[in-house]
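One is the number of the first residue; the rest follow in order along the sequence.
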Amino acid sequence: MQFGIFTVGDVTPDPTDGRTPSEHERIKAMIAIALKAEEVGLDVFATGEHHNPPFVPSSPTTLLGYVAARTEKLILSTATTLITTNDPVKIAEDYAMLQHLADGRVDLMLGRGNTGPVYPWFGQDIRQGINLAKENYALLRRLWREDVVDWEGTFRTPLQAFTATPRPLDGVAPFVWHGSIRSPEIAEQAAFYGDGFFHNNIFWPADHTRRMVQLYRRRYAHHGHGRPEDAIVGLGGQVFMRKNSQDAVREFRPYFDNAPVYGHGPSLEDFTEQTPLTVGSPQQVIDRTLSFRETVGDYQRQLFLMDHAGLPLKTVLEQLDLLGEEVVPVLRKEFANGRPADVPDAPTHAARVEAARAEAAQGEGAKDDAAQGEGAQRDAARGVTAS
């Protein structure tokens, strides 16, 4: 199972002292957080994509390319890549380039985002959001899997004899997660293609998460990709920790109360009861995260949001120390206990290349068997017998 963090890259005033970091400081902080993630033994660093204040990660591949050069093991991902307002040709080329630079340590999460005005900024209509997601991804898959593409659709100009460059590393495209909080159509899209489904359940109760993941698993099996248990599932989460749970609640409360997304709404106590947000000791985070398996079954990736709402970099790095030293090692062990051997592992580039080569070899073997069978039939028809 993979564990990691994701950032939304918000530039938010620290409510305890009123100081707002500059965009430059926030971008540099995201780099420091990514490097810390590898240092403490996490598997994944993911960045959001936003094109409006107060967010800064408008160019995920630039950020991740820099992180790739500074790390060795960390899988680089997105949370999310806007499949609706980005040109699929540009996505195909940008992430294939990043895949080469990172020696395969790349996947991406596709989503529609949660900022309505982004659609007209990029010449699109938000009322076509689902249709854009479907059409753009269908083209993206072809661009990664076919060397020459002829294509015509509704939302962009046609392509004639087009080749996206560079081609995916080792002939295997980056693994795709389809990210959604609320849209069953996106769960269906992930299931149709046999891709991963990432439910960023940070704002929703467990029953909603269960329904979305169950829908994806059922449809994954329906489309012939395997059993429901074979589907690839990821979850989001939010945590804030201190050794003592009372200290965690006291320190995090002003950040929660003033957070851009959920501040000035439900109380911290109500929100933590109704959503996966966990504020407390490392053991409380462990217990809460392990309970996610009761909701969605065995799953492959868990990402935590830890650097939002104006939390200073020093505090976030302290959180990552706790996560890497006290929480994730226990989660790895406990999630492995009782996990059926036939539940698939989280996807990696190396494993997918090996699987593609095995499938190709199997296909060649089947061709050889068929050719031998045809030869035997021809010999029999001519009256030829073996000596």
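- L290 and V279 fall within the same hydrophobic cluster, defined by Ile, Leu, Val, Met, Phe, Trp and Tyr side-chain heavy atoms under 4.5 Å apart, directly or through other members.
- Under the 3.5 Å distance criterion, the side-chain polar atoms of E152 are left unmatched by any main-chain donor or acceptor of P158.
- Sorted by first then second residue, the salt bridge (Lys or Arg N to Asp or Glu O under 4.0 Å) pairs that include residues 155-169, not counting sequence neighbours, are D87-R156, D147-R167.
- Criterion: ILVMFWY side-chain heavy atoms under 4.5 Å apart, direct or through other members. Under it, L139 and L110 are not part of a common hydrophobic cluster.
- In this structure, R26 pairs ionically with D10, as a charged nitrogen and a carboxylate oxygen lie closer than 4.0 Å.
- Side-chain atoms of R217 come within 3.5 Å of backbone atoms of V296 as a donor-acceptor pair (strictly under, hydrogens ignored).
- Residues Q124 and L132 are in side-chain contact: their nearest non-hydrogen atoms beyond the backbone lie under 4.5 Å apart.
- Under the salt bridge (Lys or Arg N to Asp or Glu O under 4.0 Å) criterion, the residue pairs touching residues 278-294 are R293-D298, with sequence neighbours excluded.
- The pair R127-D125 meets the salt-bridge criterion, since a charged nitrogen lies less than 4.0 angstrom from a carboxylate oxygen.
- When hydrophobic clusters are built by joining Ile, Leu, Val, Met, Phe, Trp and Tyr residues whose side-chain heavy atoms come closer than 4.5 Å, directly or via intermediates, Y66 is grouped together with L108.
- Of the possible polar contacts, one joining the Q319 side chain to the M241 backbone as a donor-acceptor pair under 3.5 Å is found.
- A donor-acceptor pair under 3.5 Å is formed between the side chain of N86 and the backbone N or O of L82.
- Contacts classified as ring-ring contact (aromatic ring centres under 6.0 Å, His included) and involving residues 330-352 (residues at least two apart or in different chains) are given here: Y299-F335.
- Linking ILVMFWY residues whenever their side-chain heavy atoms come closer than 4.5 Å, directly or via other members, leaves L140 and V149 in distinct clusters.
- Distance alone, capped at 3.5 Å, is enough to place a donor-acceptor pair between the Q284 side chain and the S281 backbone.
- Annotation: side-chain hydrogen bond (donor to acceptor under 3.5 Å, both in side chains) contacts involving residues 336-347, sequence neighbours excluded, comprise R227-D342.
- Taking the six-membered ring where tryptophan is involved, the planes of Y220 and Y216 are perpendicular, since the angle between them exceeds 60° and thus also 30°.
- Clustering ILVMFWY residues whenever any of their side-chain heavy atoms sit less than 4.5 angstrom apart, transitively, puts M1 in a cluster other than the one holding V343.
- Note on E318 versus R242: salt bridge recorded, some NZ/NE/NH1/NH2 to OD/OE distance being below 4.0 Å.
- With respect to K73 and D43, no salt bridge is recorded, no charged nitrogen being found less than 4.0 Å from a carboxylate O.
- Under the side chain to side chain contact (heavy atoms under 4.5 Å, CB included) rule, D307 has a single partner from I5, I33, T315, L313, which is I33.
- Between E25 and K28, none of the side-chain N atoms (NZ, or NE/NH1/NH2) sits under 4.0 Å from a carboxylate O, so this pair counts as no salt bridge.
- The aromatic ring centres of H223 and Y193 sit 6.0 Å or more apart.
- Of all heavy-atom pairs spanning G310 and Y255, the tightest one is O-CE2, 3.5 Å.
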| message | Let's go through T278 and T289 carefully: what are the C-alpha distance in whole Å and the side-chain angles of both, what is the deciding distance for side-chain contact (heavy atoms from CB on, under 4.5 Å) to 0.1 Å, and is it a yes or a no? | response | CA-CA 9 Å; T278 307; T289 306; 5.8 Å; no
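- No donor-acceptor pair closer than 3.5 Å links the side chain of E49 to the backbone N or O of T81.
- Judged by distance alone, with hydrogens and angles left aside, the side-chain atoms of T71 form no donor-acceptor pair with the main-chain N or O of L74 at under 3.5 Å.
- Ion pairing between D195 and R141 holds under the 4.0 Å rule for side-chain N and carboxylate O.
- Shortest non-hydrogen contact noted between I232 and P347 is CG2-CD, 3.9 Å.
- What you find for L143 and A164 is that their closest heavy atoms are O-CB, 4.1 Å.
- Of the possible polar contacts, none joining the R112 side chain to the I83 backbone as a donor-acceptor pair under 3.5 Å is found.
- In this structure E23 satisfies the side-chain contact (heavy atoms from CB on, under 4.5 Å) test together with V56, sequence neighbours excluded.
- For residues 226-247, the pairs satisfying ring-ring contact (aromatic ring centres under 6.0 Å, His included) are F240-F252, with sequence neighbours left out.
- Y137 and H178 have perpendicular rings, their planes meeting at more than 60° on a 0 to 90° scale where under 30° would count as parallel.
- A donor-acceptor pair under 3.5 Å is absent between the side-chain atoms of E185 and the main chain of A133, judged by distance alone.
- Closest heavy-atom contact between V233 and W177: C-CZ3, 3.6 Å.
- R105 contributes a side-chain N or O that, together with a main-chain N or O of A68, makes up a donor-acceptor pair within less than 3.5 Å.
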